[in-house]
Amino acid sequence: MNNPCNALPEALRPREGESLVFDAPAAQVDRPTHYCPGCHHGIAHRLVAEVLDELDATDRAVLVASVGCSAFSYDYFAVDALEAQHGRACAVATGVRRANPDSVVFTYQGDGDMAAIGLAESVHAANRGELITAIFINNTVYGMTGGQTAPTTLIGQITTTSPAGRRLRGEGGPLRMTELMAGLDGVAYAERCALDSVRHVRAAKKALRNAFEVQIRGLGFGFVELLSGCPTNWHMTPQAANRRIAEEMIPVFPLGTAKNLLDK
Amino acid sequence: MSRIVFLEDRCKGCRLCIDACPAGVIRPSGRFNHQGYEVMTSGEGCTGCASCAVMCPDTAIRVFRTARTAEGGRA
Amino acid sequence: MSDAPERILIKGNEAVAFGAVDAGCRCYFGYPITPQNEIPEAMSRLLPEIGGCYVQAESEVGAASMLLGACASGVPSMTSSSGCGISLMQEALSYMTGSMLPAVLVNMARGGPGLGDIGPSQGDYFQAVKGGGHGDHRNIVLAPATAQECYDFMFRAFALAFTYANPVMVLGDAVVGQIKEPVRRTPPPDALAPERLAELAAPWRVEGRGRRGPGAAPRLVKSVYLAEGTLAARNRQLRDKYEAMRAEARWIAQDTDDADLVVVAYGSIARAVRSAIRALRAQGAAVGLFRPITLYPFPDEGLRALAAARPGRRFLVVEQNLGQMVEDVRLALFGPAGRGAEVLFHGLMPGLLADAQTLEEPVRLALAGKEIRS
């Protein structure tokens, strides 16, 4: 095993009659993250790493990072990686996957990156059916720059650039990326999940696995939207952020598989 | 009995593990790590379900499950 | 290949495509724009035949971003566009320089500013040479004048891009791209074999770490350096590289030994100037031509040598723009190592084919130290 996590002190070794049923995946780098307490990026990272390991894809994987809070996502994945300009990750990933057809390529993008500045690159890569997997973190705000309005901000939500709450007229409604992606012929898998509960996190892992499988099996573009908490910019505790996902986000962004070509 | 181990230097004190634990065995410890975050501790009654670890954004929890038969045999 | 190299009658744009493919290019990303459409059209036929990839992107932003991804994978790759499209590529160009990637971009320039026209122009000199992108980025610029050079310079572009791990731009114009001429499809002497290009990329390309054997450390290609002192270190590395690139300056001097006036021109304009100079020399005028082949690095030393060899010699810069390269000529002759010379300028308007006969008058007048405006 390559993971330095496995070189563990006594307390972290199974005792007689015990089995280690939860460990860090090998595709994850053993280091503290720069994310805020309670931020769901850490959960999403771990799920992706687990899926890469389970699909035996870590050695072939190439991560295309984005710009936003997850700009340094490559610090936490033990895979080859490169930086894309803000919003261009799906176009950059297209170049990587086309140049190197044996690789397993994924993007990891926030809502500003993918749904605002990079909407054209994301939608067209999906529509071309590029064999890449796009992981889309929807937390309804620009996190890194301090909580400004995102394309996914809910109507009425107060942000640093919508002090009176987002208004439909003039500011638009929350962009539903999963539904948009599912409508494209090149997309082989699209699902919206949430990271607010154990049950939802386990479902998100299955979705991520499917979104990588469609790439590996050559079926098309894989897409998973993860409704995530941003306690810092929502100005609430991590527990309250999870409740907000359940009570305010999921009604606007319904969970579920919008497209799945795996069984066809 | 199953048990969990906190990698205390990784914990950011977000307490998502507390909400996730169906057995209610996790609580704040009153101790703080080098980053200044209050770390968690767990009491008796862990079932090894790993819900806490699944919800931990910092991969700061390891879960060791003891098989029921082995548990019974030793008791 | 046979001993007698095949000569084919093709446009400069097609020569770019053939040259790129023969030089080892395997990925092309682009977006249609006149006057370079024969490049994507040819690539869309040529690349699939040899297992390469052609993608028509959603925009030039997308095309240049795809190029970044393919270049980071170490595969010889290119894009092409014109004027407005090259403007949209500046973001990725700056990132590719910062990430030290061997991108090749072709600009078959059209008239500007704005949407301008689709005729020939050299108005993109500043954008190509000084950079339209942000930060301290520099890219090598090659200026072909003929279809044969379009073919040959693609080999040089890939060789330089991979040697320096830096973007290279080939700057032509509507005339260079559209003119149909016989081209020998044989690699020029400065070509690097595709295997050599792959060797040069092997130490840094992203490919999936398992390709480097079990337990190989992950690689990262990036341009961001936030920690204190790290961007400074990176930019020192870039500075050293840019300085090393100066050795790649190339130019052609013709009929300059006895010249009282040296006309400085590049690309298609240099061809028209060359014809005007021939006619004038037949009439006894002591005129020569200095043609930069590389616009960056600019061939300062070649110019300074001409000025030093014959004090009092005048220079006339002829460009199809309002005066851009003339600044680099003045910088070469008046900068720290220069001893000065009289530098005159004649700018041609965009959109028109440069006519050798109409160039005779401004050259003749420049012999007497006079400028006229077109």
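Computed over heavy atoms, backbone and side chain alike; hydrogens, waters and symmetry mates excluded. Every chain is numbered from 1, with letters handed out A, B, ... down the list of sequences.
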CA sep, side-chain torsions, deciding dist, call: A:Gln85, C:Ser65, side chain to side chain donor-acceptor pair (under 3.5 Å)
CA-CA 8 Å; A:Gln85 319 95 283; C:Ser65 304; 3.1 Å; yes
C:Tyr31 atom OH, over 12 foreign heavy atoms within 6.0 Å
no
More than 12 heavy atoms of other residues, nucleotides or ligands under 6.0 Å from CG of A:Asp75: yes or no?
yes
Region of A:Ala81 that comes under 4.5 Å of a non-hydrogen atom in chain C:
both
SB check A:Arg128 C:Glu58 (cutoff 4.0 Å)
yes
Checking heavy atoms, do the side chain of C:Val75, its backbone, both or neither come under 4.5 Å from chain A?
side chain
Side chain, backbone, both or neither: which part of C:Leu220 has an atom under 4.5 Å from a heavy atom of chain A?
both
Which residue out of C:Ala92, C:Ala217, C:Gly208 racks up the most heavy-atom pairs below 4.5 Å with chain A?
C:Gly208
Non-hydrogen atoms of C:Ser73 and A:Ala99 that approach each other most closely
CB-CB, 3.8 Å
More than 12 non-hydrogen atoms from neighbouring residues, nucleotides or ligands closer than 6.0 Å to NZ on A:Lys206, yes or no?
no
Would you indicate whether A:Ile216, at its atom CD1, is surrounded by more than 12 heavy atoms from other residues, nucleotides or ligands within a distance under 6.0 Å?
yes
Under a 4.5 Å cut-off applied to non-hydrogen side-chain atoms, are A:Leu82 and C:Leu68 in contact?
yes
Give, as side chain, backbone, both or neither, the part of C:Tyr28 having an atom under 4.5 angstrom from any heavy atom of chain A.
neither
Just how far is it from atom CE of C:Met66 to atom NE2 of A:His124, taken to the nearest 0.5 Å?
9.5 Å
Picking from A:Asp80, A:Asp59, A:Asp102, what satisfies salt bridge (charged side-chain N to carboxylate O under 4.0 Å, His left out) with C:Arg211?
A:Asp102
Which answer fits C:Arg26, side chain, backbone, both or neither, if we ask what part of it has an atom under 4.5 Å from a heavy atom of chain A?
neither
I need the minimum non-hydrogen distance between A:Glu121 and C:Ser59, along with the two atoms involved.
OE2-OG, 4.2 Å
Ranking A:Val64, A:Asn127, A:Val79, A:Thr94 by heavy-atom pairs under 4.5 Å to chain C gives rank one to A:Val79
Heavy-atom check, side chain of A:Arg98 versus side chain of C:Val55, under 4.5 Å
yes
Checking heavy atoms, do the side chain of C:Ser99, its backbone, both or neither come under 4.5 Å from chain A?
side chain
Assert top hit (heavy-atom pairs under 4.5 Å, partner chain C, pool A:Leu63, A:Val105, A:Val92) equals A:Val92
Going through the checks in order, is the side chain to side chain contact (heavy atoms under 4.5 Å, CB included) test met by A:Glu83 and C:Val224?
CA-CA 8 Å; A:Glu83 160 200 278; C:Val224 63; 3.3 Å; yes
Can you tell me which portion of A:Ala78 sits under 4.5 Å from chain C's heavy atoms? Options are side chain, backbone, both or neither.
both
Contact between C:Lys222 and A:Tyr74 at the side-chain level, heavy atoms closer than 4.5 Å - yes or no?
yes
Sort A:Val62 into side chain, backbone, both or neither according to what part of it lies under 4.5 angstrom from a heavy atom of chain C.
side chain
Looking at side-chain heavy atoms only, is the closest gap between A:Arg60 and C:Glu207 below 4.5 Å?
no
